[in-house]
Amino acid sequence: MTRPVVTRFAPSPTGFLHIGGARTALFNWLYAKKLGGKMLLRIEDTDRERSTQAAIDAILDGLKWLELDWDGDVVYQFSNAARHREVVEQMLERGTAYRCYASAEELTQMREAARAEGRTRFYNGLWRDRDPSEAPAGVKPTIRLKAPLTGETVIEDQVQGRVVWQNDNLDDLVLLRSDGTPTYMLAVVVDDHDMGVTHVIRGDDHLINAARQKQIYDALGWEIPVMAHIPLIHGPDGSKLSKRHGALGVDAYRSMGYLPVALRNYLVRLGWGHGDQEIFSTDEMIAAFDLPAIGRSAARFDFAKLENLNGHYIRHSNDQTLLDSLENLLRYIPNGAQIAAKIDDNKRAQLLRAMPGLKERAKTLLELIDGASFILAERPLTIEPKARALLTPETRQLIGRLHGALQAVEAWSGESTEAAMRGFAETNGLKLGAVAQPLRVALTGRTTSPGIFDVLAVLGREECLARLADQTSE
RNA sequence: GCUCCCUUCGUCUAGCGGUCAGGACGUCGCCCUCUCACGGCGAAAACAGGAGUUCGAUUCUCCUAGGGAGCGCCA
């Protein structure tokens, strides 16, 4: 008796896939996966002026990067325009819709009058029951829904609960524009119905639209899908996350070095919780996800938490996978090409070997790349200012003696170099830190790096001795 | 202005009439330590305000304040 669940993600292609859209897509995807159903993808391109192919590409690219796959072919709403008109014809015949010849001026007057009188509904029913013979010549009408005048419209929302509107606050909305193209409100209803959508999960900026669409469903005699309106995401300062106010496309998060798993985990916990659990594998997420558990208040976007999660996933990633992700990212960052040019199989082997120490210290792939720069660097190393301060005549002299001690090591490894360094420190009455820091500066050009014996091992005997020699004199 | 939604530590949240109001991120200490991280331990930190209902409200109801969404021949 229960139909298989069908959800859909329905972005309008007027811009990139922003973070709120990504979360909506994730929720739809999770719910479909949880119930063994399908998630469909529909591009709402009925606004021919603002829809662009570039935006469609960006949305598809964003979804793929996030690994949120959809079922079947992408549906382009505009291609269903004929069907939308057909449905409106039926409504006209049945008397649930009517032609409206009101001019733009008349409409403006109605709007102003409504606002002045403190009414929400503005259309005054001018053409609602008027005889078509009165139609002005040469004016192409819009088709409006003959919405109920009294009573109430109720939505049993999975997230928001029972929401009730008095029908006298709802308008006779336009179904078909005067040029014969369908409006969003009509197209959504017809497409969701035709596509067999059982659950509509979308941003709560559509909550009122649910009421309007319910009236269309009623007029058509169709059953309304289960509704779930999820709260919006706000900026760190609590303001609306608009495109001109810090909203970034998901491609921006990719460029900042975030992992898709981390972003998904962060996003799912925004507005939704499952006890005290913070980390969710994809399977756990699917199993635990549920609509009624979604909170009703807007959440602020917090980069610090995203970073923490990203660091967690980096640390727990497989070394080879991480290296692949890192190399892949190079295509999306400014100086990526130069870095990519330096990576050959030899460097790959070194990066892989250093990865356990590197990933422990990186919260983003960008930091991982930065941390790996000592491997990619060429002699003579450029020494960072902070590191340069450690290069005094005394430490340079010490580096020279370190060079000598290390030169004696034949079987080069982390262990053998560590033994040599500890021995050196002990015989000279020095703490290990006193020799490790100058060594680090000479080897990496920085004051921070993975464990110094790992650095020694990764770089190899020849390179290490050469870098030490570079800093010995002068 | 009108309609609808929201309000627990700085942030994300747990809580579904009786809890010392829990966890996580962040912050601040301490430990570990060759640096930085990681990890471990600990601390500070919240029920927007006011009326009710109740033996008892963070939890239920109403009001106020604040925030958000919508009020298109945009989606």
Side-chain angles (χ1 to χ4, degrees), chain A residues 10-14 44-47 49-51 77 100 102 104 107 111 114-122 140-144 155 157 159-161 163-166 168-171 173-179 181 183-185 187-188 203-212 229 231-232 234 236 238-240 266 269-279 295-309 311 315 357-363 367 371 387 418 421-422 425 431-441 444 446-453 455:
Chain A
S12 59
T14 54
E44 313 241 299
D45 56 351
T46 51
D47 182 348
E49 295 296 307
R50 299 198 297 156
S51 299
Q77 189 157 61
C100 170
L107 257 17
R111 235 187 303 277
R115 186 164 284 236
E117 292 168 38
R119 284 182 286 112
T120 298
R121 159 182 246 158
F122 85 88
K140 289 191 171 175
T142 57
I143 311 294
R144 283 182 186 271
I155 295 294
D157 194 277
V159 174
Q160 305 290 335
V163 187
V164 181
W165 287 268
Q166 295 308 310
D168 55 15
N169 285 320
L170 267 14
D171 252 301
L173 42 91
V174 173
L175 266 16
L176 225 51
R177 302 188 185 97
S178 51
D179 66 359
T181 57
T183 60
Y184 159 81
M185 218 59 78
V188 169
D204 71 8
D205 49 334
H206 283 289
L207 185 56
I208 293 177
N209 291 339
R212 301 189 177 112
H229 288 87
L232 268 19
H234 287 178
S239 65
K240 182 191 176 186
Y266 177 69
R269 285 283 293 102
L270 228 45
W272 178 80
H274 188 249
D276 286 340
Q277 191 170 354
E278 297 286 345
I279 305 291
R296 286 178 293 276
S297 57
R300 300 187 188 201
F301 196 90
D302 181 16
F303 273 101
K305 188 140 187 179
L306 207 212
E307 274 208 355
N308 173 272
L309 238 20
R315 290 194 294 280
L358 253 20
K359 69 184 181 184
E360 197 78 17
R361 295 166 171 75
K363 289 202 174 67
E367 289 181 12
E418 176 166 2
M421 286 299 94
R422 287 192 186 278
K431 283 190 165 185
L432 186 57
V435 310
Q437 257 335 63
L439 191 55
R440 188 181 325 274
V441 170
T444 69
R446 299 187 176 186
T447 54
T448 63
S449 82
I452 196 62
F453 308 118
V455 172

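A, B, ... follow the sequence lines: proteins, then strands. Residue 1 opens every chain.
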| task | May I have the distance from A:Arg361 (atom CZ) to B:U35 (atom P), rounded to whole angstrom? | result | 11 Å
| Quick one: do A:Arg361 and A:Glu367 make a salt bridge, cutoff under 4.0 Å? | no
| Sugar-phosphate only, base, or nothing, as touched by A:Phe453 at under 4.0 Å among non-hydrogen atoms | base
| message | Could you tell me how far B:C9 sits from B:U53 if I compare only their C1' atoms? Round to whole Å. | response | 29 Å
| message | If you define the side chain from C-beta out and look only at heavy atoms, does anything of A:Arg144 sit under 4.5 Å from A:Val174? | response | yes
| query | For A:Met421, which contact category applies under a 4.0 Å heavy-atom criterion: base, sugar-phosphate, or nothing? | reply | nothing
| Just how far, in rounded Å, is C1' of B:U13 from CG of A:Leu309? | 13 Å
| query | Can you find a heavy atom in the side chain of A:Val455 that is under 4.5 Å from one in the side chain of A:Thr444? | reply | yes
| request: May I have the distance from A:Leu432 (atom CG) to B:C36 (atom C1'), rounded to whole angstrom? | output: 15 Å
| Taking a pair as Watson-Crick or G-U wobble with both distances under 3.5 Å, which nucleotide is matched to B:U19? | none
| field | Distance between C1' atoms of B:A69 and B:U27 (Å, rounded) | value | 34 Å
| note | By the Watson-Crick or G-U definition, both distances under 3.5 Å, B:U58 is matched with none
| message | As a test of reading the structure: which of B:C34, B:C73, B:A69 is closest to the side chain of A:Gln437, going by heavy atoms? | response | B:C34
| field | Side-chain touch A:Pro13/A:Ser51, heavy atoms, less than 4.5 angstrom | value | yes
| A:Thr447 vs A:Arg440 side-chain heavy atoms within contact, under 4.5 Å | no
| message | Rounded to whole Å, please give me the gap between NE2 in A:His274 and C1' in B:A14. | response | 11 Å
| remark: Of the listed B:U3, B:A75, B:A37, the closest approach to the A:Glu360 side chain comes from B:A37
| message | Nearest whole Å is fine: how far is B:G39 P from A:Lys359 NZ? | response | 14 Å
| field | From CA spacing to verdict: side-chain contact (heavy atoms from CB on, under 4.5 Å), A:Asp205, A:Leu232 | value | CA-CA 8 Å; A:Asp205 49 334; A:Leu232 268 19; 3.8 Å; yes
| message | Under 4.0 Å, counting only non-hydrogen atoms across every strand here, what does A:Gln160 touch: a base, just sugar-phosphate, or nothing? | response | sugar-phosphate
| query | Any idea which of B:A69, B:C73, B:C5 is nearest the A:Val163 side chain? | reply | B:C5
| remark: Between A:Pro438 and A:Gly433, the two heavy atoms sitting closest are CD-O, 4.3 Å
| Which part of the nucleic acid, if any, lies within reach of A:Ser12 when heavy atoms closer than 4.0 Å are counted: base, sugar-phosphate only, or nothing? | sugar-phosphate
| query | Are A:Arg296 and B:C5 close enough that a side-chain N or O sits under 4.0 Å from OP1 or OP2? | reply | no
| Do the side chains of A:Arg296 and A:Asp204 get nearer than 4.5 Å, heavy atoms only? | no
| So what does A:Arg446 touch, heavy atoms closer than 4.0 Å: a base, only the sugar-phosphate, or nothing? | nothing
| task | Answer with yes or no whether A:Ser449 presents, from its side chain, a donor or acceptor under 3.5 Å of a partner atom in the base of B:C36. | result | no
| query | Do the ring planes of A:His274 and A:Trp272 sit parallel (below 30°), tilted (30 to 60°) or perpendicular (above 60°)? | reply | parallel
| field | For B:G72, the Watson-Crick or wobble partner whose two distances fall under 3.5 Å | value | none
| message | Applying the Watson-Crick and G-U wobble criteria at under 3.5 Å, what pairs with B:C25? Answer none if nothing qualifies. | response | B:G10
| CH2/A:Trp165 to CD1/A:Ile208 distance, rounded to the nearest 0.5 angstrom? | 6.5 Å
| B:A24 to B:G42 separation - P atoms, rounded to the nearest Å | 11 Å
| task | Would you give a per-nucleotide map of nucleotides 18-27 of chain B, 5' to 3', where B means the base has a protein non-hydrogen atom under 4.0 Å away, S means only the sugar-phosphate does, and - means neither? | result | ----BBBSS-
| task | Give A:Leu270 one of three labels, base, sugar-phosphate or nothing, depending on what nucleic acid heavy atoms sit under 4.0 Å from its own. | result | sugar-phosphate
| query | OP1, OP2 of B:G1 versus side-chain N and O of A:Thr120: anything below 4.0 Å? | reply | no
| task | Give A:Arg111 one of three labels, base, sugar-phosphate or nothing, depending on what nucleic acid heavy atoms sit under 4.0 Å from its own. | result | sugar-phosphate
| Under 4.0 angstrom, heavy atoms only, what part of the nucleic acid is A:Gly433 near: base, sugar-phosphate, or nothing? | sugar-phosphate
| request: Could you give me the CA-CA distance, side-chain angles and deciding distance for A:Tyr184 and A:Asp47, then say whether side-chain contact (heavy atoms from CB on, under 4.5 Å) is met? | output: CA-CA 8 Å; A:Tyr184 159 81; A:Asp47 182 348; over 6 Å; no
| field | Atom-pair distance (CG on A:Leu107; C1' on B:C71), nearest Å | value | 13 Å
| message | From CG of A:Leu170 over to C1' of B:G72, roughly how many Å is that when rounded to an integer? | response | 15 Å
So which protein nitrogen or oxygen atoms get under 3.5 Å of nucleotides 57-68 of chain B's nitrogens or oxygens?
none

| task | Name the nucleic acid region contacted by A:Leu207, choosing base, sugar-phosphate or nothing; use a 4.0 angstrom heavy-atom cut-off, strictly under. | result | sugar-phosphate
| field | B:A75 base / A:Asn209 side chain donor-acceptor hit below 3.5 Å | value | yes
| Which listed nucleotide (B:G39, B:U3, B:C34) is nearest to the side chain of A:Arg422? | B:C34
| message | Taking any heavy-atom pair under 4.0 Å as a contact, classify A:Thr181: base, sugar-phosphate, or nothing. | response | nothing
| note | On RNA chain B, more 5' by nearest nucleotide between A:Thr448 and A:Asp171 is A:Thr448
| query | Between the side-chain atoms of A:Arg115 and the base atoms of B:C71, is any donor-acceptor pair under 3.5 Å? | reply | yes
| For atom OH of A:Tyr184 and atom C1' of B:C73, their distance in whole Å | 16 Å
| said: I want to confirm an ordering. Mapping A:Ala116 and A:Val164 to their closest nucleotides on RNA chain B, which one lands closer to the 5' end? | reply: A:Ala116
| said: Give me the atom names and distance for the closest heavy-atom approach of A:Gln160 to A:Asp157. | reply: N-OD1, 2.8 Å
| said: Quick check on A:Glu117: does its CD atom have over 12 non-hydrogen neighbours (other residues, nucleotides or ligands) under 6.0 Å away? | reply: yes
| message | Classify A:Pro11 by what it touches in the nucleic acid, base, sugar-phosphate, or nothing, heavy-atom distance under 4.0 Å. | response | nothing
| field | Atom C1', compared across B:G49 and B:G29: separation rounded to whole Å | value | 35 Å
